[in-house]
*Asks:* 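Can you read through this structure? Questions will come right after.
Just so we're clear, the structure is a prediction, and the values are computed from it rather than from any experiment. Reminder, nothing fancy here: chain letters follow the sequence lines and each chain counts from 1.
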There are 2 protein chains.
Amino acid sequence: MKLIARHSDVTVSEMAVILNSDDALKLGVDHTDRVRVTGDSSTICAVVITDSIVEPGKAIFPSQIMERCGIEDGEEFLIEYSPMPESVRSIRSKINGRKLNGQEIRSIVKDILDGGLSSKEILSFVSAFNVNNADLEEVADLTRAMADTGSMVDFGSERILDFHSLGGIPGNKITPIVVSIVASQSLIIPKLSSRAISSACGTSDFVDTFCDVELDTESLRAAVKKTGGVFACGNDDYAPVGSIIIDAERPMGIDPRPMMLASIMSKKVALGTTHLLIDIPMGKGAKIPDMETAEGFAKDLIGLGRILGVRIECAVTYADQPLGHMIGPTLEAKECISMLETGDTECAVLDKACGMAGIILEMAGMENGRARAEGAITSGRAHEKFLQIVEAQNGSHDLKSNDLSPGSFVKDVHAKRDGFVQYIDNASMVAIAKGAGAPEDLGAGIEILHEKGDRVKEGDVLFRIYAENQAKLDRSVESARSRRPMLVTKDPVDTAPQCMILKRIYERSEQ
Amino acid sequence: MKLIARHSDVTVSEMAVILNSDDALKLGVDHTDRVRVTGDSSTICAVVITDSIVEPGKAIFPSQIMERCGIEDGEEFLIEYSPMPESVRSIRSKINGRKLNGQEIRSIVKDILDGGLSSKEILSFVSAFNVNNADLEEVADLTRAMADTGSMVDFGSERILDFHSLGGIPGNKITPIVVSIVASQSLIIPKLSSRAISSACGTSDFVDTFCDVELDTESLRAAVKKTGGVFACGNDDYAPVGSIIIDAERPMGIDPRPMMLASIMSKKVALGTTHLLIDIPMGKGAKIPDMETAEGFAKDLIGLGRILGVRIECAVTYADQPLGHMIGPTLEAKECISMLETGDTECAVLDKACGMAGIILEMAGMENGRARAEGAITSGRAHEKFLQIVEAQNGSHDLKSNDLSPGSFVKDVHAKRDGFVQYIDNASMVAIAKGAGAPEDLGAGIEILHEKGDRVKEGDVLFRIYAENQAKLDRSVESARSRRPMLVTKDPVDTAPQCMILKRIYERSEQ
C-alpha cells in the first residue's frame with residue numbers, strides 16, 4: 001500500500017506510524033501490529049497505531065523514522081505488513097526465565113539496531129535481563145553482539161590498554177593525565193570517553209575545550225599510531241546499538257547491571273582492548289554505596305572479562321566528595337592541565353591519576369607502576385606526551401592552563417560560622433554547576449576552595465560559582481541556597497583518606 | 001491549567017494525554033512526564049505526549065481516560081503536573097534484583113489500579129517479576145494486594161472449595177459437571193470461570209448459552225447459599241487490577257509464571273477459597289509440555305498456597321488432543337449436559353470430571369472420592385444439582401441437551417485414506433473453530449468424530465464444522481485445508497490413556 005507521509009513529534013513510541021483505521025484494515029493490520037516502511041534510503045520496521053486523527057491515505061511519523069527511511073513530509077512511501085520477528089519470542093523466553101543462546105541474543109540485538117523491535121519490547125528485554133535472570137555467558141554474548149553492530153578497530157598491537165570509570169564522582173578529570181602517563185611509557189591506550197548524560201561535565205566535555213574529541217576511525221587510528229594514546233569521544237561508530245537501548249531504558253530510569261556491563265564492554269571489544277582497569281567510585285553520592293556492592297560488581301566484571309578474553313582489574317576509589325577543586329568544562333580542563341604543569345603528586349587528582357596509571361603499567365608487565373607513573377609526572381614526560389596527543393587531536397602544542405578562562409559572572413559562597421567542613425555533597429554540587437549552565441555553557445561551573453575536614457572561619461569563601469550570564473548565575477545561587485552543598489559545624493571531622501585508591505581487586509589465580 | 005478535551009482512539013499508550021508543546025511548556029511538563037487529569041467523576045494519572053497535531057488549548061485523550069474521569073468531548077477539564085510515584089522506584093529496585101516488601105508491592109498495585117503507572121512501567125514490572133527474580137513471598141504479597149483491589153466475599157462457611165484449570169486444552173467442558181458433583185455432596189464450591197481470551201470457547205462462553213453467568217456479588221452469594229455451587233463468570237468485581245496487568249502484557253504476549261500465579265490466586269483469595277485443586281493440562285499443544293515443567297509449576301502453586309493459607313493440590317491431566325467431541329459454545333454446552341443425562345463415566349469428559357471432583361471430595365475429608373463422584377453421576381444426583389444451579393442462575397430447570405442447536409451451515413471433513421488417526425492438533429482445531437465464528441457466534445464450532453488411535457476408512461467423516469453463515473463456514477473450511485488438524489496414515493498408533501488424570505501432586509507432610 002502507498003500512503004502520504006506526515007511528520008509529527010510524537011515521541012512515546014518512537015518507532016511507530018499512526019494510520020487511519022480504514023487504511024489499517026485495508027493493509028490487514030491492527031494497532032500494535034508491525035509494518036515495514038520503505039522510503040528512498042531504507043526500509044525499517046514500525047509499530048502501527050490506529051487513530052481517527054489521521055486522514056485516510058495519510059500516515060503520521062516521528063522524525064526519527066522519516067530521517068532513517070529518507071521520507072519527506074507530504075511524500076508517498078511504501079507500507080507493508082510485517083510478521084512478528086523471532087526475537088520477540090526470544091525475549092518472551094527470557095521473561096519466562098530461560099537462558100538465551102548466542103544466536104538468540106544476536107538476533108535480538110540485530111532487530112534492535114534495525115528498528116524491528118519497539119521501545120516497549122526493548123524495555124521489556126532490559127527489565128527481564130536483570131542480575132537474577134542473566135548469567136555472565138549471556139552478558140558476554142550480548143557484549144559481542146553489541147560490538148558487532150559497529151566498526152571494529154585493529155590498532156595492530158598485541159596489547160591494547162584501556163580504563164573506564166563507572167562514574168558518579170564530579171570533577172573526575174584524570175583521563176588525559178592517565179592516558180599521558182601510560183602513553184609516555186611507549187604503550188598503546190586508545191581511551192574513548194563520553195559526554196555528560198546527567199552529570200555537570202563528562203571527560204569529552206572538558207577535553208573539547210582545548211582539542212577535537214570527535215575522531216572518525218581513521219583519525220583515531222592515525223592519532224594512536226603517532227602518540228600511543230588518545231582522549232577522544234566514544235561516539236556511535238562503536239557498538240551504536242547501545243544508545244538505542246539507553247533511549248529505551250530512559251523512561252524507566254534503569255540500567256540493570258548485566259546491561260551496564262555489556263554496554264561498557266561492547267565498546268572495549270570493538271576497540272580490541274586486551275587489558276582493562278575499571279574505576280569503581282564508592283561513596284555516599286556515587287552509584288556504588290559500599291565495599292560489598294563494589295566487590296560484587298568487580299567479581300562480575302572480572303568474570304565477564306575472562307569469558308571475553310580481556311584481562312580486567314578493578315580499583316575501588318574514594319568518592320565521598322568531588323575530586324579536585326573544579327567542576328565544569330573549562331574549569332576542569334584548567335585544573336587538569338595545571339596538574340601536569342605543576343606536578344604535585346600529593347594532591348588528590350594526581351594521587352588518583354598516578355595510582356590508576358600505576359596499576360595499568362603493572363598490568364602491562366612493568367614493575368613499581370606507581371613510582372614509574374609519578375616519575376613520568378615529575379620528569380615532565382607525561383606533560384610532553386599530553387601536548388603531543390592534544391596536537392594529534394588538532395589542539396595546540398603550546399596549550400597552557402592559563403589559556404583557559406571560565407565565565408566572568410562570579411559569586412562566592414561564604415562560611416556562616418567558624419568550624420569544620422562536615423561534608424561536600426556530590427549531588428548538590430552537580431545541581432549547582434548545572435544550574436550555572438554546565439556542561440552546555442563551557443565557562444560555567446564551581447571552584448571548591450575547601451575539602452571535607454578543613455577548618456574554616458566565618459566569612460571564608462567555601463566555593464565560587466562561575467557562569468556566562470547573570471540569569472544563570474542567579475539560578476545557580478538560588479539552587480545553592482535551597483540545598484546544603486557544604487555543611488560547616490563546630491565538630492572536628494575526619495578528612496579524606498591519604499590515598500584515593502581504597503582497594504585493588506584482581507583475579508588471584510587462573511582457574 | 002484548563003484545556004478542552006478531544007477524544008481519540010490512540011491505544012498504544014492507553015493512559016496518555018496528547019498536548020500541544022506550548023501548553024506542555026506552560027504546564028512545566030515534558031513528554032513522558034506525568035500529569036493529573038480531573039474530570040467530573042474522578043482524577044487519574046496520565047503520561048504526557050507532546051505533539052504538533054494538537055491545537056493549543058486542547059488535549060487529545062483515549063476514551064478510557066475520558067470515561068474514567070467523566071470528561072466529555074469538547075468539555076473543559078483540569079490538568080496538573082504530577083511527580084513520579086514512589087512505586088516507579090520500587091519497580092527499578094526489582095529490575096536491579098532487590099526483593100520487594102509487602103508495602104512496596106501494595107503501592108505498585110495501587111498505582112496500577114489508579115492509572116498512576118504507564119503501560120510501559122507495568123510491562124517493565126511484569127518483565128522483571130520473572131521466575132528467577134521473584135520469590136514466593138513476593139508472589140503472595142502481590143496476590144493479596146491484587147485481591148484487595150476488588151470485592152471480597154464471605155460465604156459464611158469454614159470450607160470453600162474451588163478448582164482452576166491452567167487451560168490450553170480445547171473442549172474442556174467439565175466445570176459445570178465438577179461443580180454439580182461437589183455441590184451434590186452438600187459442599188460449597190463457588191466456581192468462577194472466564195470467557196475465551198485466545199481460545200475458541202471459555203467455560204463462561206458455553207454456560208452463557210443456557211443460563212446467566214454475570215452475577216453480582218449479592219446474586220453470587222444468594223445462588224451459593226441456595227445450591228452450594230455456581231458456574232458463573234469471574235468478572236472484574238474480583239481483583240480487577242488483574243485485567244489492567246493483562247492489557248499491559250498483551251503487546252508482548254507474555255504471562256510470566258509469578259504473575260500468572262498471582263492472577264489466579266488473587267481471585268481465589270477474594271472468594272475466601274480454603275481448598276483448591278489446580279488442573280495442569282499437559283501435552284504437545286498445551287501450555288505445559290512435560291511432567292518436569294508441570295511438577296515445577298505444582299511445587300510453586302502448593303508453596304504459594306501454604307503462604308496464603310490455601311490448601312492446594314494439583315492434577316496433571318492428558319491434553320494431547322481436545323477433550324470430548326465438541327468445540328464451540330453451543331456444542332460444548334450440548335455435550336456437557338448430555339454427559340449428565342446419560343452418565344457414561346467411561347468416556348473422557350466424565351472420566352476427567354469424576355477424577356477431578358473425586359480429588360476435591362477427598363480434600364474436603366471424604367473417603368473414596370472418585371467412587372462417590374461416579375455415584376453422584378450414575379444416581380442422577382449430580383444432574384439434579386446441575387439443574388438447580390442452572391435455575392439459580394436464571395436458566396430453566398427443565399433444560400435438556402436437545403434444546404440446544406448448533407449452526408445450520410455444516411461441512412464434513414473426510415478421511416482421504418484407510419488408516420489410523422495419528423494425532424488431533426489442538427491449535428489447528430481452535431483456529432478452525434474460531435474461523436467458523438466461535439466464540440462470538442454461539443452456534444459455531446467443531447464436532448470431532450474420531451480420537452487419536454482410531455482406525456478409519458477412506459471417506460469416513462473425521463470432523464464436522466458448524467457455522468451460522470456460509471461466509472464463515474467457507475473461511476473455516478479454508479483454514480482446515482491449510483492445516484493438518486487430524487493426520488491419518490497406515491501406521492497403528494497409541495490411543496489416549498485410560499485415565500485422564502496422569503498424576504496427582506500434593507504436599508506429603510506439613511513442614
*Asks:* Which residue out of L123(A), V126(A), V131(A) racks up the most heavy-atom pairs below 4.5 Å with chain B?
*Replies:*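 The candidate making the most pairs under 4.5 Å is L123(A).
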
*Asks:* When only pairs under 4.5 Å are counted, which of G97(A), S124(A), P258(A) shares the most heavy-atom pairs with chain B?
*Replies:*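 Top option by heavy-atom pairs under 4.5 Å: S124(A).
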
*Asks:* Give every donor-acceptor pair under 3.5 Å between a side-chain atom in residues 134-141 of chain A and any protein atom, sequence neighbours left out.
*Replies:*
from    : atom 1 : to      : atom 2 : distance (Å)
D135(A) : OD1    : E137(A) : N      : 3.1
D135(A) : OD1    : E138(A) : N      : 3.0
D135(A) : OD2    : K99(A)  : NZ     : 2.8
E137(A) : OE1    : K99(A)  : NZ     : 3.0
E138(A) : OE1    : K94(A)  : NZ     : 3.3
E138(A) : OE1    : D135(A) : N      : 2.9
E138(A) : OE2    : K94(A)  : NZ     : 2.6
E138(A) : OE2    : L100(A) : N      : 2.8
D141(A) : OD1    : R144(A) : NH1    : 3.2

*Asks:* With rounding to the nearest 0.5 angstrom, report the CD1 to OG distance, I254(A) to S93(B).
*Replies:*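 Those atoms lie 11.5 Å apart.
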
*Asks:* Test of understanding: with side-chain hydrogen bond (donor to acceptor under 3.5 Å, both in side chains), list the residues that count as partners of N132(B), not counting sequence neighbours.
*Replies:*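 N132(B): side-chain hydrogen bond (donor to acceptor under 3.5 Å, both in side chains) contacts with N133(A).
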
*Asks:* For chain B, find which of R257(A), R89(A), R92(A) contributes the most heavy-atom pairs closer than 4.5 angstrom.
*Replies:*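 That would be R92(A).
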
*Asks:* Going by heavy atoms in the side chains, are M252(B) and E121(A) under 4.5 Å from each other?
*Replies:*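 Sidechains of E121(A) and M252(B): in contact.
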
*Asks:* What residue in I91(A), I95(A), V88(A) has the most heavy-atom pairs under 4.5 Å with chain B?
*Replies:*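 Ranked by contacts with chain B, first place is I95(A).
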
*Asks:* Kindly indicate whether the side chain of N130(A), heavy atoms from C-beta on, has any atom under 4.5 Å from the side chain of N130(B).
*Replies:*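 They are in side-chain contact.
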
